[in-house]
Amino acid sequence: MSHKFVVAVAALAGAVVIPLAAASPVAAAPPGGNFCSINVDTERMVCVATAAELPSAQAQAARSGGVTPAATYIIAKLYDNAGFNASAGVLEVTAGAACTTSKTNVDASLSNLGVWSDRISSFQGYANCYVQLWGNPGFAGASLGYYSGTSNVGSAMNDRASSARFS
């Protein structure tokens, strides 16, 4: 995959599919909007202007990528603000399966949060998933977790996460 910033506009008006290699060293609003979804299986991220647009954008991104999973699970929500406040944006992390009940294995991972790097202030795990955040891409640097959620990642990790694992 090219490391150039490439944006493919999805057929859904306003939705933008963003490859993870598009990560910028400076956090900025994702093209298309601050309400994003990424599928860990395909690593396709789609962003839209409002939370209400996410379900349609997720379905469109799956179809345009040739993926029609039997089921899609939201395994985590990563929030731009503390307190699970989605007003500034949220990244929904989806997968084709729920996590196992064990925290000793990695069920899913994102080695690069792309345009969502350096933005996370709180998170919630879903579908049996616990979340671990890392300060650098590739699961390097300082880490926080595994937690089922936290309303505030604390000053040491606030707006510093660049990769994540889900167990």
Side-chain angles (χ1 to χ4, degrees), residues 18-30 32-48 50-55 57-58 61-62 67 69-167:
I18 305 164
L20 285 184
S24 167
V26 176
N34 286 314
F35 298 89
C36 301
S37 177
I38 185 165
N39 182 282
V40 297
D41 302 320
T42 63
E43 293 191 351
R44 291 175 58 98
M45 183 183 292
V46 61
C47 295
V48 292
T50 67
E53 296 174 88
L54 262 181
Q58 289 166 328
V67 177
T72 299
Y73 295 84
I74 295 173
I75 62 170
K77 289 185 181 182
L78 312 177
Y79 298 89
D80 198 351
N81 287 337
F84 314 119
N85 179 341
S87 64
V90 64
L91 174 60
E92 285 188 358
V93 182
T94 64
C99 291
T100 63
T101 56
S102 171
K103 285 197 290 184
T104 61
N105 65 316
V106 176
D107 293 300
S109 61
L110 293 168
S111 65
N112 186 337
L113 294 174
V115 295
W116 264 84
S117 289
D118 303 328
R119 290 187 63 174
I120 299 163
S121 297
S122 61
F123 63 82
Q124 292 176 300
Y126 295 91
N128 295 327
C129 291
Y130 290 82
V131 179
Q132 183 175 32
L133 300 177
W134 294 85
N136 296 321
F139 319 109
S143 68
L144 173 73
Y146 286 102
Y147 298 124
S148 61
T150 182
S151 64
N152 189 328
V153 298
S155 60
M157 189 58 82
N158 189 51
D159 296 337
R160 291 190 172 108
S162 293
S163 55
R165 286 186 172 146
F166 310 92
S167 178

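Because only heavy atoms are used, hydrogens play no part in the values below, and waters and symmetry mates are left out as well, while side chains stay in. Just so you know, residue 1 is the first one in the sequence shown, and it goes up from there.
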Check: Ser121 side chain, Asp80 main-chain N or O, donor-acceptor pair, under 3.5 Å: yes

Could you check whether any side-chain N or O of Ser109 sits under 3.5 Å from a backbone N or O of Ser111, counting only pairs where one atom can act as donor and the other as acceptor? no

Nearest atoms (heavy-atom pairs only) where [X] meets [Y]:
{"X": "Leu113", "Y": "Ala161", "value": "CD1-O, 3.9 Å"}
{"X": "Asn34", "Y": "Arg119", "value": "OD1-NH2, 3.2 Å"}
{"X": "Phe84", "Y": "Phe123", "value": "CE2-O, 3.1 Å"}
{"X": "Ala108", "Y": "Ile75", "value": "CB-CD1, 3.9 Å"}
{"X": "Val48", "Y": "Thr50", "value": "CG2-O, 3.2 Å"}
{"X": "Ile38", "Y": "Met45", "value": "CD1-CE, 4.0 Å"}

Quick check for you: to the nearest 0.5 Å, what is the distance between [X] atom [atom1] and [Y] atom [atom2]?
{"X": "Leu91", "Y": "Leu110", "atom1": "CG", "atom2": "CG", "value": "7.5 Å"}
{"X": "Asn81", "Y": "Ile120", "atom1": "CG", "atom2": "CD1", "value": "12.5 Å"}
{"X": "Asp159", "Y": "Ser117", "atom1": "CG", "atom2": "OG", "value": "11.5 Å"}
{"X": "Thr72", "Y": "Glu92", "atom1": "OG1", "atom2": "CD", "value": "11.5 Å"}

Show me the donor-acceptor pairs, under 3.5 Å and distance only, between side chains in residues 133-156 and residues at least two apart or in other chains.
residue : atom : partner : partner atom : Å
Thr150  : OG1  : Asn152  : N            : 3.4
Thr150  : OG1  : Asn152  : O            : 3.0
Asn152  : OD1  : Gly154  : N            : 2.8

Would you mind telling me which of Gln58, Arg44, Lys77 makes a side-chain hydrogen bond (donor to acceptor under 3.5 Å, both in side chains) with Ser37? Gln58

Report the residues that fulfil side-chain contact (heavy atoms from CB on, under 4.5 Å) with Asp107, sequence neighbours left out, ordered by chain and then residue number. Cys99, Thr100, Asn105, Ser167

Residues forming a side-chain contact (heavy atoms from CB on, under 4.5 Å) with Ala97, sequence neighbours excluded: none

Step by step, work out the side chain to side chain contact (heavy atoms under 4.5 Å, CB included) result for Gln132 and Val106. CA-CA 10 Å; Gln132 183 175 32; Val106 176; over 6 Å; no

Can you confirm whether Phe166 sits close enough to Val131 that some side-chain heavy atom of one is under 4.5 Å from a side-chain heavy atom of the other? yes

Taking the side chain as every heavy atom from C-beta outward, state whether Glu53 and Phe35 have any atom pair closer than 4.5 Å. no

Verdict with reasoning, Asn85 to Ser122, per side chain to side chain contact (heavy atoms under 4.5 Å, CB included): CA-CA 8 Å; Asn85 179 341; Ser122 61; over 6 Å; no

